[in-house]
Amino acid sequence: MTRSNDEPPAGAMPSNFIKEIIREDLETGRFGGKVVTRFPPEPNGYLHIGHAKSICLNFGLAQEFGGRCHLRMDDTNPETESMEYVRAIQEDVRWLGFDWGDRVFFASDYFEQLHDWAVELIKKGKAYVDDLSPEEIRRYRGTLTEPGRESPCRSRSVEENLDLFARMRAGEFPDGSRVLRAKIDMAAGNLNLRDPVMYRIKRATHYRTGDRWCIYPTYDWAHGQSDSIEGITHSICTLEFEDHRPLYDWFLDQLGVHHPRQIEFARLRLTYTVMSKRKLTELVEGGHVRGWDDPRMPTIAGLRRRGYTPEAIRDFCARIGVAKKEGTVDVALLEHCLRDDLNRRAERRMAVLRPLRVVIENYPEGRTEELEAVNNPEDPSAGIRRVPFSRVLYIERDDFMEDPPRKFFRLAPGREVRLRYAYFIRCTDVVKDDHGQVVELRCTYDPATLGGNAPDGRKVRATLHWVSAPHALPAEVRLYDRLFAHPTPDTARDDFKNHLNPESLTVLNDCMIEPSLAGARPGDRFQFERTGYFCVDPDSSDGKLVFNRAVTLRDTWARIQKRQAG
Ligand code: ATP
Ligand code: MG
């Protein structure tokens, strides 16, 4: 394949309509040839894979066009925001591979400026204090088919509005008793223009400004002006803000300040999960998961703990691209991206998840051989390691059947199979306990088959992984399945929590892993041969490693694509 010159660098997002718009603005010199984007999370929860899309997009555009990208905490709601979330957001953006340099900003730092601008609008007769209750404001607002009604307070004089707004700020009125509203048009077709609320009275301690304020700006009043203050050129947001754009335009035009260009794109939705922070908070607070970083969560922290790499997430974001049309992405694509990355990079190890004891009767007692194993067939530079082999081994319980059906080619009484990197073994006897459970297999090995082939050319149909019993380390392995049993829990008629998958977590306590894993650290990732990709969990202790299954080896996405192509 040849690469054309204007193809973006590897890992960059393929071209899309937003890039086209920016190129056009650069050509016409609209913003003096500058590109300044921002990622503006509200610190009221952890970031999720949908945010990753926005992060890759905003930071990616800045990188590609030689601009810069700000990280801004959109922190205008004191009740739900916290420093814990700010820290988690910063950690996650950094981990994803993006750098905001010294350009981390807080909307709460703009409170004074926003207040002054509000006073300016009042002076221009473009904002007024309203005494209607929130409920009345809602009723007066009208509907899509009916115009709204003007509040009796709408005709207040500038002087009275200035006085009342100052007293709102000074804390003279109870919470919720008054608001400041923009004076636009109660009959506007766009409901966002029907005199939207700019300030509400709320006695709540803000995690940064403390009790300095008892009035807080609404998102609609804060957001566009924050972008303007920072000199953002391209203010990229999700589609639901398309209808707010005329309002943001109105505010900026009234103030006569720098006016970014807002561009909307479709938010990411993913099958078998939920993405709204409200719902994710509900899962955490209700104890349905073990925390924001539970490996079943679609949060960046959860994905990281699960074993996802930043590269896999960035690749996913590049592949889904950006569009104007909403759609739901199959989670199998995300899994495919991880598999693709780990297949290239993760070292292989042998681990037996559900051990069955095997005694090789003709192998000398007390003898140990160190057999050579390849660390990564995709990467010769990963080298080899030595794996001990001895008379007593563990194999996977599923790899044996006493009474095998036709298509089962693995171990069975009288049958011969290959042990990876070792010998052919043949099952000669089955040992059972009092309940008839198979507890041990007696086998023989053929010394001439070392390395995996028989000199006489006889074939076996299966290769099994194994570990040497006296050398094995015990481990706990956590197998994860989808968090929800419903492909789109958001669309369910009843509570989304009714669709949690009761089998989303299976804990295996008696796994046996090869001794070379002894030094593995939390966050290290491996392919356990034949069972999947795994990541060491921070719950690991010196005596017992804990692994999370990041993803299985079977690739349902590849299957989906094949089916679509065929
Ligand atoms: P939520 O509905 O989960 O609370 P939000 O949009 O309120 O999401 P913010 O913290 O305000 O959360 O989001 C920060 C940025 O991330 C915004 O610019 C928003 O457009 C973007 N974003 C949020 N969710 C998604 C998503 N699913 N796909 C793409 N971008 C998203
Ligand atoms: Mg938001």
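Each residue takes its place number in the sequence, starting with 1. Indexing begins at 1, ligand by ligand and atom by atom, following the structure's order.
- Ligand 1 has an N or O atom lying under 3.5 Å from an N or O atom of Glu42, backbone or side chain.
- For Lys34, the NZ atom counts as loosely surrounded, since its 6.0 Å shell holds 12 or fewer non-hydrogen atoms of other residues, nucleotides or ligands.
- By the 6.0 Å and 45° rule, Arg178 stacks over the aromatic ring of Phe173.
- Heavy atoms of His48 come nearer than 4.0 angstrom to ligand 1 in at least one pair.
- Between the side chains of Glu264 and Thr238, no donor N or O sits under 3.5 Å from an acceptor N or O.
- Considering backbone and side-chain N/O atoms, Ser276 never comes within less than 3.5 Å of an N/O atom of ligand 1.
- Here's the thing with Ile236: none of its N/O atoms is less than 3.5 angstrom from an N/O atom of ligand 1.
- Ring geometry, His70 versus Phe105: the interplanar angle falls from 30° to 60°, so the pair is classed tilted.
- Around the CD atom of Glu112, the shell of radius 6.0 Å holds more than 12 heavy atoms that belong to other residues, nucleotides or ligands.
- Considering backbone and side-chain atoms together, Lys53 places no N or O closer than 3.5 Å to any N or O of ligand 1.
- When non-hydrogen atoms are compared, ligand 1 lies under 4.0 Å from neither the backbone nor the side chain of Phe241.
- By the neighbour-count criterion of 12 heavy atoms within 6.0 Å, atom NZ of Lys123 is sparsely surrounded, having that number or fewer from other residues, nucleotides or ligands.
- Although no hydrogens or angles enter the test, the distance criterion places a donor-acceptor pair under 3.5 Å between the side chain of Glu81 and the main chain of Asn77.
- Within ligand 1, the atoms closer than 4.0 Å to a non-hydrogen atom of Ser54 are 16 (O), 21 (C), 30 (N), numbered from 1 in the order shown.
- When the heavy-atom distances from atom 1 (P) of ligand 1 to Glu264, Arg278, Lys277 are ranked, the shortest goes to Lys277.
- In this structure a side-chain-to-backbone donor-acceptor pair under 3.5 Å is missing from Arg269 to Met275.
- Of all the atoms in ligand 1, the ones that sit under 4.0 Å from a non-hydrogen atom of Leu268 are 26 (C), 27 (N), 28 (N), 29 (C).
- Short contacts between ligand 1 and Met275, defined as distances under 4.0 Å to a heavy atom of the residue, involve ligand atoms 3 (O).
- The shortest N or O to N or O distance between Pro41 and ligand 1 is not under 3.5 Å.
- Each of the atoms 14 (C), 18 (O) of ligand 1 lies under 4.0 Å from some heavy atom of Pro40.
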